[in-house]
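For the numbers below, each heavy atom of this structure counts, side chains included, while hydrogens, waters and symmetry mates do not. In what follows, every chain begins at residue 1, and chains take the letters A, B, ... in the order their sequences are listed.
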2 protein chains.
Amino acid sequence: MLKLTKKVDYALLALNLMARNEEGGISNVRDIAALYSIPPEILAKVMQKLSKSGLIQSHNAPKGGYSLKVPAEEISVLKVLVAVEGPVGIVSCSDGTDRTCQQRDQCDIRSPLERLQNNILWFLEALSIRELGQEPAVLKGVTDGSSLFGQPLHHKG
Amino acid sequence: MLKLTKKVDYALLALNLMARNEEGGISNVRDIAALYSIPPEILAKVMQKLSKSGLIQSHNAPKGGYSLKVPAEEISVLKVLVAVEGPVGIVSCSDGTDRTCQQRDQCDIRSPLERLQNNILWFLEALSIRELGQEPAVLKGVTDGSSLFGQPLHHKG
DNA sequence: GTAATGACAGACCAAAATGGTCTGCGATAA
DNA sequence: TTATCGCAGACCATTTTGGTCTGTCATTAC
């Protein structure tokens with residue numbers, strides 16, 4: 001629950017690798033799969049989805065493979081997530097998936113949960129695969145919650 | 001993927017209701033289930049977990065039911081989530097669930113992902129079931145990402 | 001005391017999501 | 001023209017999830 005799928009993990013690993021190889025560097029499925037011990041067939045499917053969504057460019061030929069189509073800075077974790085798994089919604093009633101929610105009429109907590117969801121999506125969008133491969137120091141103040149907020153809010157400990 | 005389960009939804013609805021009824025107000029499973037069209041047996045299990053985790057108090061008797069054991073302000077969404085579904089981890093390798101991760105040795109994105117996870121957990125901890133039932137206005141500046149941060153960071157649009 | 005109420009407990013099942021396999025086709029450059 | 005590598009989709013096993021069913025135990029109103 002509230003967990004990234006293996007496919008997303010695989011996509012992030014592959015993209016991170018390609019981000020380090022760029023620019024224009026080509027990696028093929030077999031090599032990446034071998035490096036990370038990923039079943040090649042699975043990674044192949046994942047890469048195809050990334051390709052269809054326009055994040056990477058395929059080179060269908062011997063010595064071919066994939067290369068980044070846009071700069072690593074512009075590929076957010078959220079984009080990867082959506083490309084691989086479709087629309088994200090922590091509450092099923094808010095992403096169009098569940099049209100038959102039995103609680104919808106009586107639901108009195110949807111609004112704050114959607115707000116919570118927006119925050120999570122915002123973080124996913126703010127983190128690029130470029131930053132994925134960088135040392136914590138670079139990220140400091142961006143994704144480290146404890147230093148991100150000026151005031152303690154209502155955080156209960 | 002990255003979605004709250006129905007059980008968590010049910011728990012939040014029930015707790016939100018009880019938070020409005022307090023203090024010491026008692027609600028029973030049958031009534032709550034009827035109000036929100038939740039299968040009573042399911043809600044019963046959920047309530048038992050909330051009870052075991054110490055968030056609510058059971059009153060096993062006719063005219064009995066459950067009441068909040070601690071103030072609504074002190075019950076975070078994260079606590080509810082953990083009580084109902086166990087430890088949370090958006091990356092399976094970081095919550096002790098997956099001890100056989102094939103990518104662990106070669107994984108070069110774990111650190112930033114764990115950071116991302118911490119941010120999400122932080123938000124879940126910062127949102128209490130008291131706030132769940134309040135109007136958006138009260139939450140403004142707390143969970144609304146767009147107004148929460150002073151600077152735009154690297155947010156790509 | 002006893003019967004009705006409501007929590008407690010756990011086996012059990014069906015559907016969906018997930019992770020993975022297999023097979024074959026299509027494009028292209030060596 | 002053939003080996004390489006992407007493209008496509010059917011297929012299957014496992015796990016997770018949501019839900020049902022059956023029964024027991026505690027309490028209190030009568």
Exercise for review: Classify the side chain of Asn28(A) and the base of dG6(D) as holding, or not holding, a donor-acceptor pair under 3.5 Å.
Suggested key: no
Check your understanding: So does Lys45(B) reach the base of dG18(D) with its side chain, donor to acceptor, closer than 3.5 Å?
Key -> no
Exercise for review: May I ask whether Ile56(B) and Ile26(B) are part of the same hydrophobic cluster, defined by side-chain heavy atoms of I, L, V, M, F, W, Y residues being less than 4.5 angstrom apart, directly or through others?
Suggested key: no
**Study point:** Phosphate contact (dC8(C) OP1 or OP2) by Ser58(B) side-chain N/O below 4.0 Å
**Key:** yes
Practice item. Output the single nucleotide from dG20(C), dG6(D), dT27(D) whose closest atom is nearest the side chain of Tyr66(A). Key: dG6(D)
Check your understanding: Is the shortest side-chain N/O distance from Lys52(B) to OP1 or OP2 of dA9(C) below 4.0 Å?
Key -> yes
Review point. Between Tyr10(A) and dT18(C), is there a side-chain N or O to OP1/OP2 distance below 4.0 Å?
Key: no
Review point. DNA chain C: Pro62(A) or Thr5(A), which has the more 5' nearest nucleotide?
Key: Thr5(A)
**Study point:** Among dC5(D), dA8(D), dT21(C), the nucleotide that comes nearest once only the side chain of Gln48(A) is considered
**Key:** dA8(D)
Review point. Are the side chain of Ser51(A) and the backbone N or O of Met47(A) linked by a donor-acceptor pair below 3.5 Å?
Key: no
Exercise for review: Verify side chain to side chain contact (heavy atoms under 4.5 Å, CB included) between Gln117(B) and Trp122(B), making sure each step is shown before the conclusion.
Suggested key: CA-CA 8 Å; Gln117(B) 167 172 301; Trp122(B) 192 90; over 6 Å; no
Check your understanding: Has Arg30(B) got a side-chain N or O lying under 4.0 Å from the OP1 or OP2 atom of dG6(C)?
Key -> yes
Practice item. Before giving the answer on side chain to side chain contact (heavy atoms under 4.5 Å, CB included), spell out for Ile38(B) and Gln102(A) the whole-Å C-alpha distance, their side-chain angles and the decisive distance to 0.1 Å. Key: CA-CA 8 Å; Ile38(B) 302 172; Gln102(A) 296 294 309; over 6 Å; no
Revision key, fill the gap. Of Ala44(B) and Met1(B), the one whose closest nucleotide on DNA chain C sits nearer the 5' end is Ala44(B)
